[in-house]
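Structure record follows, encoded as structure tokens.
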Amino acid sequence: MIVSKDNINGIFAAVGNTKLLRLDRIFPESGLEIYAKLENLNPGGSFKDRSSINIIQKAINLGKITKNTVIIESTSGNMGVGLAQACLYFGLKLILVIDPLINPHTEKLLVTFGARLIRVKQKDDSGSYLMSRLDKVKSLVKQEPNSFWTNQYENNSNPEAQRLIARELLDQMDNKLDYLFVGTGTGGTIMGCLREIQYRGLETIVVPVDVMGSKIFDAPKGNKKIPGIGAGQKSNFILPEYLHLPVYVDDRESVMGCRKLLQREAILAGGSTGAVVAAISKMRCHLRKNSKIAFLISDSGERYLTTIYDNDWVYKNLKLAL
């Protein structure tokens, strides 16, 4: 499960091997077979648990992290929770650089796990906070003499861990998968999955999902308010030539995707999952009948109860009446 010379016991023995569900109600008349992998059932509540423990454990094994090392990372939420849980388990200090878009529930989780939070408030030139967060991380690394930047944006331990998602998924589906829809952020998940698909010699088409205003694939302009998908910079992992053309969605479509998944399948998922549901909806008329489609329930919607699932917040921030 985890690339490590040691066997991990305790809470991290529960990371991975997540269930796969067939969803018959989400698009009942589409003629498609829809499957969802429940990454929200990882112990920290998201797919980022895989990357967090892999990055930390490998760095410990290589001697890059000792008991006195301060771990530093930029996060919009899920990676932070995974790292906070890992650092608490290993007795490590953790500094996380966040921004105003982080969900209040997620912020409380990070504090509960013992992370020190530093919030940036200045948007970067792209209109997002990512570059401002990264600048602050680089400054903190210089200030802390014994620090380790996990750097989910460039550390190959990220896609390496995420590749296990595709390994499990393809085993669960007997390698019979026509399309895999993946929300993009750091690019670690989509490229990790693509590597496993290529390794198996499969013809599965990998479809990236991005949001308006994101710089990953130069999406059309937009004012992104929902964290967890999209980014203010190009990915260091993504190789677009091996992927399907990206499908772009906006925040309103992400909210509607979340609500549809909840009402039709009773699955409470986060914003990036809603974006993927919206992307599948946009493409479903162009997909072959009886195609097998899979996507990830990346995280739980409980962290979005005061945003995506709050009608007042949705209307105030997105001008969408529900």
Side-chain angles (χ1 to χ4, degrees), residues 16-41 47 50 159-185 187-211 216-217 219 229-230 235 237-249 253-254 256-258 260-261 264-265 267 269-299:
N17 296 313
T18 54
K19 296 290 185 181
L20 182 71
L21 301 180
R22 177 166 176 175
L23 306 183
D24 294 323
R25 299 181 178 183
I26 188 71
F27 301 117
E29 299 177 359
S30 66
L32 304 171
E33 290 186 29
I34 309 292
Y35 296 86
K37 191 159 173 59
L38 300 182
E39 288 297 295
N40 58 315
L41 297 185
F47 67 127
R50 298 177 184 262
E160 177 184 77
Q162 296 294 307
R163 180 173 176 171
L164 297 184
I165 294 177
R167 188 174 302 170
E168 294 170 16
L169 172 62
L170 294 169
D171 286 345
Q172 289 166 321
M173 299 191 68
D174 295 324
N175 288 327
K176 297 174 182 177
L177 178 61
D178 298 302
Y179 296 90
L180 177 63
F181 283 72
V182 185
T184 51
T189 304
I190 196 166
M191 289 309 297
C193 290
L194 178 65
R195 288 172 188 170
E196 183 63 22
I197 288 167
Q198 291 175 329
Y199 173 77
R200 297 188 183 211
L202 303 178
E203 295 183 0
T204 303
I205 296 172
V206 182
V207 183
V209 179
D210 202 4
V211 292
I216 300 174
F217 297 100
I229 188 170
S235 167
F237 301 126
I238 289 177
L239 301 174
E241 62 269 27
Y242 296 108
L243 302 170
H244 189 280
L245 291 175
V247 180
Y248 301 116
V249 300
E253 291 169 321
S254 298
M256 295 306 297
C258 285
K260 178 179 288 188
L261 188 62
R264 296 192 178 181
E265 299 285 356
I267 296 175
S272 61
T273 303
V276 172
V277 170
I280 295 172
S281 182
K282 284 186 172 185
M283 279 196 66
R284 60 181 169 166
C285 294
H286 304 287
L287 305 178
R288 299 186 305 273
K289 296 292 183 182
N290 301 315
S291 291
K292 296 180 186 294
I293 316 296
F295 68 99
L296 311 180
I297 307 295
S298 298
D299 64 351

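Everything quoted here is computed from the prediction, not taken from an experiment. This chain uses plain numbering: 1 for the first residue, then up along the sequence.
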message = Using side-chain heavy atoms (C-beta onward) and a distance below 4.5 Å, is Asn290 in contact with Leu32?
response = no
note = So OH of Tyr248 and CD of Glu253: to nearest 0.5 Å the spacing works out to 13.5 Å
ask   = When you measure from the side chain of Gln162 to the backbone N and O of Phe47, does any donor-acceptor pair fall under 3.5 Å?
value = yes
Side-chain polar contacts of residues 191-198 - donor-acceptor pairs under 3.5 angstrom, sequence neighbours left out - could you list them?
from   : atom 1 : to     : atom 2 : distance (Å)
Glu196 : OE1    : Arg163 : NE     : 2.7
Glu196 : OE1    : Arg163 : NH2    : 3.3
Glu196 : OE2    : Arg200 : NE     : 2.8
Glu196 : OE2    : Arg200 : NH2    : 3.3

task = Measure from the side-chain N and O atoms of Lys260 to the backbone N and O of Phe27, and report whether any donor-acceptor pair falls under 3.5 Å.
result = no
ask   = Would you say Glu241 has more than 12 foreign heavy atoms packed within less than 6.0 Å of its CD?
value = yes
note = Sorted by chain and residue number, the side chain to side chain contact (heavy atoms under 4.5 Å, CB included) partners of Arg25 (sequence neighbours excluded) come out as Arg264, Glu265
query = Taking all atoms of both residues into account, what is the closest heavy-atom pair of Asp210 and Gly230, and its distance?
reply = OD1-CA, 3.4 Å
For Leu296 against Thr189, the heavy-atom pair lying closest together = CD1-CG2, 3.8 Å
query = Looking at CG of Leu170 and OG1 of Thr204, how far apart are the two atoms once the value is rounded to the nearest 0.5 Å?
reply = 6.0 Å
key: Check against side chain to side chain contact (heavy atoms under 4.5 Å, CB included), Ile34 and Phe295   = CA-CA 8 Å; Ile34 309 292; Phe295 68 99; 3.7 Å; yes
request  = Grab the two heavy atoms, one from Ser254 and one from Ala275, that are nearest each other, plus how far apart they are.
outcome  = OG-CB, 3.4 Å
message = Test side chain to side chain contact (heavy atoms under 4.5 Å, CB included) on Val207 and Leu180; report intermediate values, then the result.
response = CA-CA 6 Å; Val207 183; Leu180 177 63; over 6 Å; no
query = Can you tell me how far CG of Asp178 sits from OG of Ser291, rounded to the nearest 0.5 angstrom?
reply = 4.5 Å
Under 3.5 Å: donor-acceptor pair, side chain of Gln172, backbone of Thr18 = yes
task = Classify the side-chain pair Ser298/Glu39 by whether it contains a donor and acceptor separated by less than 3.5 Å.
result = no
request  = Check Gly188 against Phe237 and note the closest heavy-atom contact, atom names and distance.
outcome  = N-CD1, 3.7 Å
ask   = Looking only at atom types and distance, does a side-chain atom of Asp299 sit under 3.5 Å from a main-chain N or O of Asn40, one as donor and one as acceptor?
value = no
request  = Mark yes when over 12 heavy atoms from residues, nucleotides or ligands other than Lys19 sit less than 6.0 Å from its NZ; otherwise mark no.
outcome  = no
Presence of salt bridge, Arg50 and Glu168, under 4.0 angstrom = yes
request  = Please round to the nearest 0.5 Å and tell me the distance separating atom CD1 of Ile280 and atom CZ of Phe181.
outcome  = 5.0 Å
inquiry  = Restricting to non-hydrogen atoms, name the atom on Gly257 and the atom on Val277 that form the minimum distance, rounded to 0.1 Å.
reply    = O-CG1, 3.9 Å
task = Any chance you could measure Leu164, atom CG, to Asp171, atom CG, to the nearest 0.5 Å?
result = 10.5 Å
request  = For side chain to side chain contact (heavy atoms under 4.5 Å, CB included), just list the numbers for Leu202 and Leu177, CA-CA rounded to whole Å, side-chain angles, deciding distance to a tenth of an Å, and then say yes or no.
outcome  = CA-CA 8 Å; Leu202 303 178; Leu177 178 61; over 6 Å; no
query = Hey, what do you get for NZ (Lys37) to CG (Leu169), rounding to the nearest 0.5 Å?
reply = 6.0 Å
inquiry  = Give me the atom names and distance for the closest heavy-atom approach of Val247 to Met283.
reply    = CG2-SD, 3.5 Å
inquiry  = side chain to side chain contact (heavy atoms under 4.5 Å, CB included), that's the test. Do Leu20 and Leu38 meet it? Break it down for me.
reply    = CA-CA 6 Å; Leu20 182 71; Leu38 300 182; over 6 Å; no
query = Under 3.5 Å, side chain of Thr184 to main-chain N/O of Val209, donor-acceptor pair present?
reply = yes
